[in-house]
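Shown next, in structure tokens, is the structure this report addresses.
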Amino acid sequence: MKKLIFTVLAGLALASCGSLPPPADKFYYTSYQPLTAEGIYATSSPSVPFEYESLGVFMLVSESGFVSIDTDDSHEDKRRIIEDMYVTPRDRDKDAEYKPTDNEHALKAVSDYLHLIEANGIINLRVQFIRLLNTDAVDKIIVTGEAIKKK
């Protein structure tokens, strides 16, 4: 009986030896520069001091994924649609690499879509980062807001 108790206590003592992460302060910053550089007015406020026409609400999801690597140097056509570049995890091999998404890419994509609908501003802008479990790596970025046309 003493051996059983000793074994259980020793197991508990050894199991508790793992280190836990200490408390930490992390500061994250989202710059609207990719939008303002393209002439897009951007604010997180739901109201603005000027008149505008509301064009609708939007949501953009920018996800990390695997990108095909073009191994043919003679391939001149660099214009590809994004669906052709991403491959599924079971298809990955030496011709694919992991491409994490980032804030600048997501906001540039928002800018491109806003230009398509002739919007020149965003109000109530929100940027949400979805991280991989127990890491600082960003798996996806969700950008939402209301597309407007300033009068």
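Just so you know, residue 1 is the first one in the sequence shown, and it goes up from there.
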Report summary line: On a heavy-atom basis, the closest approach of Ile123 and Pro46 is CD1-O, 3.7 Å
Report task. Apply the test ring pair (Phe, Tyr, Trp, His ring centres under 6.0 Å) to residues Tyr52 and Tyr41: give CA-CA distance (whole Å), side-chain angles for both, the deciding distance (0.1 Å), then the verdict. Result -> CA-CA 11 Å; Tyr52 62 89; Tyr41 175 83; 9.5 Å; no
Report task. Please identify each residue that fulfils ring-ring contact (aromatic ring centres under 6.0 Å, His included) with Tyr32, with sequence neighbours left out. Result -> none
Query raised in the report: Given side chains that start at C-beta, do those of Ile40 and Ile122 come closer than 4.5 Å, heavy atoms only?
Result: yes
Report task. Would you mind reporting whether Ile130 and Gln128 have side-chain heavy atoms less than 4.5 Å apart? Result -> yes
Query raised in the report: Same hydrophobic cluster for Tyr113 and Leu107, using side-chain heavy-atom links shorter than 4.5 Å among ILVMFWY?
Result: yes
Hey, can you pull the donor-acceptor pairs under 3.5 Å for the side chains in residues 140-151, sequence neighbours left out?
residue : atom : partner : partner atom : Å
Lys140  : NZ   : Glu63   : OE2          : 3.2
Glu146  : OE2  : Ser54   : OG           : 2.4

Query raised in the report: CG/Asp102 to NZ/Lys108 distance, rounded to the nearest 0.5 angstrom?
Result: 13.0 Å
Query raised in the report: Looking at Leu125 and Ala42, what are the two nearest heavy atoms and their distance?
Result: CD2-CB, 4.1 Å
Query raised in the report: Any side-chain heavy atom of Phe58 within less than 4.5 Å of one from Ile117?
Result: no
Requested in this report: Mind checking side chain to side chain donor-acceptor pair (under 3.5 Å) for Asn120 and listing every partner two or more places apart, or none if nothing turns up?
Outcome: none
Requested in this report: Give the minimum heavy-atom separation between Ser31 and Pro34, together with the two atoms involved.
Outcome: O-CD, 3.5 Å
Query raised in the report: Does Val57 belong to the same Ile/Leu/Val/Met/Phe/Trp/Tyr cluster as Val48, with side-chain heavy atoms less than 4.5 Å apart forming each link?
Result: no
Query raised in the report: Just by modelled atom types, is the Val138 backbone N or O under 3.5 Å from a matching donor or acceptor in the Ser64 side chain?
Result: yes
**Report entry** Least distance between heavy atoms, Thr101 atom then Ser62 atom
**Finding:** OG1-OG, 2.5 Å
